[in-house]
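In the text below, chain A, chain B and the rest are named by the order of the sequence lines, each starting its count at 1. Treat the numbers as computed from the prediction; the structure is a model and nothing was measured. Both backbone and side-chain heavy atoms feed into the values below; hydrogens, waters and symmetry mates do not.
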Amino acid sequence: MKRTRVIEALNKDKKVERIMVKGWVRTKRDAKEFSFIELNDGSCLKNIQIIIDQNQDCREDLKLISTGAAVSIEGALVQSPGKGQKWEIHAARIELIGEADQNAYPLQKKRHSDEFLRTIAHLRPRTNKYGALFRIRSESAFKVHSYFREKGFFNLHTPIITGSDCEGAGELFRVTTLPAGKTKQNEKQNISENDFFGKEANLTVSGQLEAELFACALDRVYTFGPTFRAENSNTPRHAAEFWMIEPEMAFADLTDNMDLAEDLIKNMTIHVMENCKDDLELFGKFVDKKLMRDLEIIAEKEYVRLPYQKAVEILQSSNKKFEFPVAFGTDFQTEHERFLCENHFKKPVFVFDYPKSIKPFYMRLNDDNSTVGAMDLLVPRVGELIGGSRREERLNILEHRIKEAGMKKETYWWYLDIRRFGSTPHAGFGLGFERFLMMITGVSNIRDVIPFPRTPRHLEF
RNA sequence: UCCCCAGUAGCUCAGUUGGCAGAGCGAGUGGCUGUUAACCACUAAGUCCGCGGUUCGAGUCCGUGCUGGGGAGCCA
């Protein structure tokens with residue numbers, strides 16, 4: 001008999017004589033005459049209730065069927081006389097597929113702390129919260145691709161292993177096939193020459209430079225893949241491995257860039273609100289009561305667009321006492337970012353035109369000669385969700401900026417070539433996928449929106 | 001990496017001026033009921049995070065390491 005997924009069974013509009021479902025037992029309540037099983041198969045948040053008449057032949061395995069066990073149930077889908085659910089299945093045949101030892105199974109039918117569930121990351125998707133979370137993660141990823149496709153962007157697969165030694169985007173993970181332990185004994189050059197690629201290799205910290213090359217050919221591209229940072233940052237908003245979305249557009253300026261970023265965030269948010277209603281409501285109920293209201297603001301309200309200079313003035317004239325003083329030329333601290341989007345504007349804020357001294361070499365120098373066409377999107381709870389810029393397309397200025405930054409232009413010959421042959425204004429940004437998920441679910445630790453998180457000193461599963 | 005807080009039963013936690021190790025939930029057993037994180041009774045369950053120190057005596061005080069949480073820096 002063909003299996004029916006629980007989500008389909010619950011959406012039936014009339015009763016079914018015979019149906020088969022398979023899944024994992026969430027709870028079992030025994031009575032003398034009946035047993036009630038709550039069955040979940042991951043297809044949706046809701047369970048389906050199974051009623052087993054203990055006088056029937058199907059009770060054979062019943063004692064071994066307990067929380068966590070995998071079972072197959074055949075029976076009639078009928079309207080439930082009880083409260084709390086529309087449909088239920090009257091079991092005619094039950095099969096225990098895989099039992100779960102109750103003395104050892106760590107998931108109980110009660111709420112567990114996030115910290116505990118993190119230690120059993122292989123089982124946590126079987127809880128309501130994490131099942132919902134990873135369905136939302138999947139649906140969000142789907143929307144990224146469909147959004148860009150609708151807008152005429154091409155998906156670009158940039159390399160995971162890179163040979164460029166520096167992009168100014170943080171510490172790198174070394175990739176090597178040399179035996180462990182011996183690397184330290186050799187000189188750095190010797191290592192690289194004898195290594196797999198014959199030169200130093202690292203895991204990517206960004207696909208931006210490569211995306212720029214392709215934007216200057218396919219016009220509009222985006223990357224969506226894993227990114228690695230070897231920084232020893234121990235915060236609820238950082239991970240060593242995370243996923244980043246990086247669109248890049250040719251013939252575009254900073255306004256186009258902000259327009260795209262705002263439209264993308266709104267579309268992804270609306271998509272999750274429409275397609276993960278039950279799952280999202282769980283977060284609104286148990287994780288953050290303000291969530292649904294905040295999501296409506298993100299989906300509907302126009303985002304603030306604030307020049308860096310104006311942001312400095314707002315912060316300086318505010319009555320709030322900051323630990324770090326604000327002055328032109330300094331980067332904003334977390335407290336400043338939070339004040340702007342959470343207290344002052346109470347919605348997402350783009351800050352743009354930052355001083356060139358605090359931004360990387362590739363950002364386009366403005367006519368004032370002191371600021372660059374950079375933009376950050378600050379959102380409540382998360383802080384910096386997006387960082388992007390218009391890219392410097394003028395060869396002589398870019399060469400000068402590379403020199404200023406203390407880097408060799410030979411390393412970037414291919415990057416500079418693009419400015420030599422048909423150079424054009426272009427712009428793009430990086431969106432942290434996990435930070436988006438934190439924003440949309442209210443989950444406050446990045447470790448809880450990644451199936452198997454990698455952070456300093458943690459490499460389990 | 002820096003600052004603050006915590007680590008006690010499977011889970012969540014209490015444990016007084018240093019003096020016999022506790023509760024709720026979960027699990028097991030029995031009962032009861034078309035049950036809804038069911039209910040009632042009983043039972044089992046501990047390297048008090050590790051190491052070292054102070055003391056007649058340490059879950060409790062001191063040092064140190066590890067782990068977790070919050071904040072900061074770096075950033076997405």
What protein N or O atoms touch nucleotides 38-43 of chain B N or O atoms at under 3.5 angstrom, if any, and at what distances?
residue : atom : partner  : partner atom : Å
B/rA38  : OP1  : A/Lys109 : NZ           : 3.3
B/rA38  : OP2  : A/Arg29  : NH1          : 3.0

Study note, to complete from the structure: By nearest-nucleotide position on RNA chain B, the 5'-leaning member of A/Ser444 and A/Gln333 is A/Ser444
Point to revise | Exceeds 12 heavy-atom contacts within 6.0 angstrom, atom NZ of A/Lys86 | key: yes
Check your understanding: Can you tell me how far C1' in B/rG53 sits from the matching atom in B/rA37, rounded to whole Å?
Key -> 47 Å
Revision key, fill the gap. Ranking A/Ile51 and A/Phe242 by the position along RNA chain B of their nearest nucleotide, the one closer to 5' is A/Ile51
Point to revise | Residue pairs involving residues 326-355 of chain A (criterion salt bridge (Lys or Arg N to Asp or Glu O under 4.0 Å); sequence neighbours excluded) | key: A/Arg338-A/Glu342
So which protein N/O to nucleotides 45-49 of chain B N/O distances come out below 3.5 Å?
none

Strictly under 3.5 Å: I want the nitrogen or oxygen pairs between protein and nucleotides 9-15 of chain B, one per line.
residue : atom : partner  : partner atom : Å
B/rG10  : N2   : A/Gln108 : OE1          : 3.1
B/rG10  : N2   : A/Gln108 : NE2          : 3.0
B/rG10  : N3   : A/Gln108 : NE2          : 3.1
B/rC11  : O2   : A/Lys110 : NZ           : 2.6
B/rU12  : OP1  : A/Ser113 : OG           : 2.7

Check your understanding: Is there a donor-acceptor contact under 3.5 Å linking the side chains of A/Asn234 and A/Arg457?
Key -> no
**Study point:** Close approaches to RNA chain B from residues 453-461 of chain A, in residue order (heavy atom, under 4.0 Å)
**Key:** A/Arg457, A/His458
Exercise for review: May I have all residue pairs that pass ring pair (Phe, Tyr, Trp, His ring centres under 6.0 Å) and include part of residues 440-461 of chain A, sequence neighbours excluded?
Suggested key: A/His122-A/Phe461, A/Phe452-A/Phe461
Point to revise | Base B/rG73 to side chain A/Glu231, donor-acceptor N/O within 3.5 Å cut-off | key: no
